[in-house]
Chemist: 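Okay, handing you the structure first.
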Amino acid sequence: MTDDPIAIVADSLATGSLLPAPVAATTGTLMDQTKTIVEDFLSMLGLNGSIIAVVRHVVLIAVTVLLAWGAYLLGRRVLVPLILRLERKTSAGWVHNLFNKRVLISASRILPALVVWQVLPHVFFEYPVIEEILRRLTAIYITIMVVKTLTLFIDSFKLLENERRSSTQQYFQSFCGVLKIILIFIAFVVIVSILINRSPSALFIGLGSASAILMLVFKDTIEGLVAGVRLTSNEMLHKGDWITVPKANADGIVEEMTLTTVKIRNFDNTIITVSPKTLVDDSFQNWKGMQEMPGRRVSRQLYIDFHSIRPLSTDDIRRLQTLRPTVSAKEGDINLTIFRKHVEDYLSGLPEVLADQTLMVRQLKATNAGLPIDVYFFLKDKEWVTYEHLSAEIMEHIYAAVTLFGLRIYQHAIPAEG
């Protein structure tokens, strides 16, 4: 077996793995016949010597260009529409997604190069140096286009996803990302081997000793792959999740997850890109649990002035029951206690509040800014604008009711200027 990379590709072409043998034989026969006809015609005109070789090569190059252009038109105008027409007749959706128009057009651009590869020995048989250069360039082009077609085919797997990517799909996307990197790396090695006329296997063996450099070059990719696997294996993140990343000022929906990036569309339609490693190393908030629940939590605090907390008098109770007939209190009850019970009763009676979820008005740890009272409940409507409006209206009612119980909200006084 030869180690010449050009010969390796030549063997694959001749054996029919890239171009059918009958096509190769027909092409060769056509070029030989064209060469004979041109030489006979020039001899009939009385021409001889070097002028015959020059004109013959010009004609053969023109025929090569026409054959390559014809191969492209055959693939682009005939084969691609035919395959797409056959796809429309099948009910398998994955066929339409995987063998889409972009993949087929990219594949059709390989055909002209295969034709040029076959006719080069018949055109430049007297100029082996030029033939060798063109063979190398053609082989490089074929390698690049094959890898491009395969990467487009791999990318088309994204079309099979749902709006929300599952763990299995995310694993598969990570695998596809690694596969594309491997393909590009192999193509790079093959192209270098073609340029320096060395066997690709020899280069791969030599690269083993340079693995440390490769690890350094692909450091971000490897770390991204590991972080991506951790994110998906632990059900930490999926496409379609609403997440908040304080460090990156990101608050929006995950639109795309790759080996090295997570693309987040904020609610103001700006797009922020962070690395999976950032999400694993630092903290981020995933709102998936809230999205899957029947309601969305509200937890708001108001700070009560300690000096306003006192027992209720008979006059206080009479005034309260006049303004709030539902309030039940007796002399000596603490106004803050009655206020908390009143707010809980008020929240329980609202149709917008989920009655089967946690609902409470509790004290938090005292601060030098007053006593924090946490109003904790769940709203049925999770839509952002509606949620904010409803929670604001409820809290505004609670703020307004504070003074009815003889309480005051702590407010830091700012000295007047001047």
Chemist: What's the spacing between Ile184 CD1 and Ile144 CD1 if we round to 0.5 Å?
Modeler: 11.5 Å
Chemist: Any salt bridge (charged side-chain N to carboxylate O under 4.0 Å, His left out) pairs touching residues 339-353, not counting sequence neighbours?
Modeler: none
Chemist: If I take atom CG from residue Leu404 and atom CG from residue Asp316, how far apart are they, to the nearest 0.5 angstrom?
Modeler: 11.5 Å
Chemist: Is the shortest distance from a Lys or Arg side-chain nitrogen in Arg300 or Glu396 to a carboxylate oxygen in the other one below 4.0 Å?
Modeler: no
Chemist: Going from CG on Leu82 to CZ on Arg77, what distance comes out if it is rounded to the nearest 0.5 angstrom?
Modeler: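 Output value for this atom pair is 15.0 Å.
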Chemist: With rounding to the nearest 0.5 angstrom, report the CG to CG distance, Leu114 to Leu67.
Modeler: 13.0 Å
Chemist: Kindly give the heavy-atom pair with the smallest separation between Ser156 and Asn100, and that separation in Å.
Modeler: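 Closest heavy-atom pair between Ser156 and Asn100: CB-ND2, 3.2 Å.
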Chemist: How far apart are the closest heavy atoms of Ala113 and Thr138, and which atoms are they?
Modeler: O-CG2, 3.4 Å
Chemist: Counting distance only, does the side-chain N/O of Asp241 pair as donor-acceptor with the main-chain N or O of Ile243 below 3.5 Å?
Modeler: no
Chemist: Measure the shortest side-chain to side-chain distance between Ser106 and Met145 over non-hydrogen atoms and say whether it is less than 4.5 angstrom.
Modeler: yes
Chemist: Is Arg102 paired with Asp155 through a side-chain N to carboxylate O contact shorter than 4.0 Å?
Modeler: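 No.
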Chemist: Taking all non-hydrogen atoms of both residues, which atom of Thr314 and which atom of Glu331 are closest, and how far apart?
Modeler: OG1-OE1, 3.1 Å
Chemist: Does any part of the side chain of Val361, heavy atoms only, come nearer than 4.5 Å to the side chain of Phe377, both counted from C-beta?
Modeler: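 With C-beta onward as the side chain, the pair stays apart.
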Chemist: Quick check on the 6.0 Å ring-centre criterion: do Trp384 and Tyr387 meet it?
Modeler: no
Chemist: Report the C-alpha distance between Ile140 and Leu195 in whole Å, list the side-chain angles of each, state the deciding distance to 0.1 Å, and finish with yes or no for side chain to side chain contact (heavy atoms under 4.5 Å, CB included).
Modeler: CA-CA 9 Å; Ile140 291 173; Leu195 291 175; 3.5 Å; yes
Chemist: Determine whether a donor-acceptor pair (N or O, by modelled atom type, separation under 3.5 Å) exists between the side chain of Ser308 and the backbone of Arg408.
Modeler: yes
Chemist: Tell me, please, which residues at least two apart from His389 pass ring pair (Phe, Tyr, Trp, His ring centres under 6.0 Å).
Modeler: none
Chemist: Heavy-atom distance under 4.5 Å between the side chains of Leu336 and Ile373, does that happen here?
Modeler: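 Yes - at least one pair of side-chain heavy atoms lies under 4.5 Å apart.
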Chemist: Are Ser313 and Asp315 close enough that a side-chain donor and a side-chain acceptor fall under 3.5 Å?
Modeler: no
Chemist: At their closest point, which heavy atom of Val274 faces which heavy atom of Ala248, and how far apart are they?
Modeler: CG1-CB, 3.5 Å
Chemist: Side chains of Gln118 and Val115: closer than 4.5 Å at any heavy-atom pair?
Modeler: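 SC-SC contact between Gln118 and Val115 ruled out.
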Chemist: Does the side chain of Pro372 come within less than 4.5 Å of Thr367's, by heavy atoms?
Modeler: yes
Chemist: Can you tell if the side chain of Ile309 reaches within under 4.5 Å of the side chain of Asn335, non-hydrogen atoms only?
Modeler: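 In short, these two side chains touch, coming nearer than 4.5 Å.
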Chemist: For the backbone of Pro351 and the side chain of Lys380, can you confirm whether one donor and one acceptor N or O come within less than 3.5 Å of each other?
Modeler: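 Present.
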Chemist: If you count every heavy atom of other residues, nucleotides or ligands that lies below 6.0 Å from Lys382 atom NZ, does the total exceed 12?
Modeler: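 More than 12 heavy atoms, drawn from other residues, nucleotides or ligands, come within 6.0 Å of this atom.
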Chemist: Closest approach of Val116 and Ala68, non-hydrogen atoms and distance?
Modeler: CG2-CB, 3.9 Å
Chemist: May I ask you to check whether over 12 heavy atoms, not counting those of Phe188, lie within 6.0 Å of atom CZ?
Modeler: no
Chemist: Is there a donor-acceptor pair under 3.5 Å between the side chain of Asn266 and the backbone N or O of Asp251?
Modeler: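 Answer holds: yes.
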Chemist: Any donor and acceptor pair, going by atom type alone, linking the side chain of Asp268 with main-chain N or O of Thr270 inside 3.5 Å?
Modeler: yes
Chemist: Write down the atom of Gly332, the atom of Pro311, and the distance for their closest heavy-atom approach.
Modeler: O-CB, 3.9 Å
Chemist: Are Phe124 and Leu60 packed together at the side-chain level, in the sense that at least one heavy-atom pair is separated by less than 4.5 angstrom?
Modeler: no
Chemist: Is it the case that over 12 heavy atoms from other parts of the model lie below 6.0 angstrom from the NZ atom of Lys180?
Modeler: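 Counting neighbours around NZ of Lys180, more than 12 heavy atoms of other residues, nucleotides or ligands fall under 6.0 Å, so yes.
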Chemist: Side chains of Arg76 and Leu111: closer than 4.5 Å at any heavy-atom pair?
Modeler: no
Chemist: Measuring centre to centre across the rings, with the benzene-like ring taken for any Trp, is Trp117 within less than 6.0 Å of Tyr141?
Modeler: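 No, ring centres 6.0 Å or more apart.
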Chemist: To the closest 0.5 Å, what do you measure between OG1 (Thr386) and CG (Leu379)?
Modeler: 10.0 Å
Chemist: Hey, could you give me the NZ/CG distance between Lys330 and Leu312, rounded to the nearest 0.5 Å?
Modeler: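 Between atom NZ of Lys330 and atom CG of Leu312 there are 10.5 Å.
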Chemist: Can you tell me how the ring of His342 sits relative to the ring of Phe405, calling it parallel under 30°, perpendicular over 60° and tilted otherwise?
Modeler: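 It falls in the tilted class, 30° to 60°.
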Chemist: Partners of Lys247 by salt bridge (Lys or Arg N to Asp or Glu O under 4.0 Å), sequence neighbours excluded?
Modeler: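 So Lys247 forms a salt bridge (Lys or Arg N to Asp or Glu O under 4.0 Å) with Asp282.
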Chemist: List the steps, then state whether side chain to side chain contact (heavy atoms under 4.5 Å, CB included) holds for Leu407 with Asp305.
Modeler: CA-CA 7 Å; Leu407 296 167; Asp305 190 339; over 6 Å; no
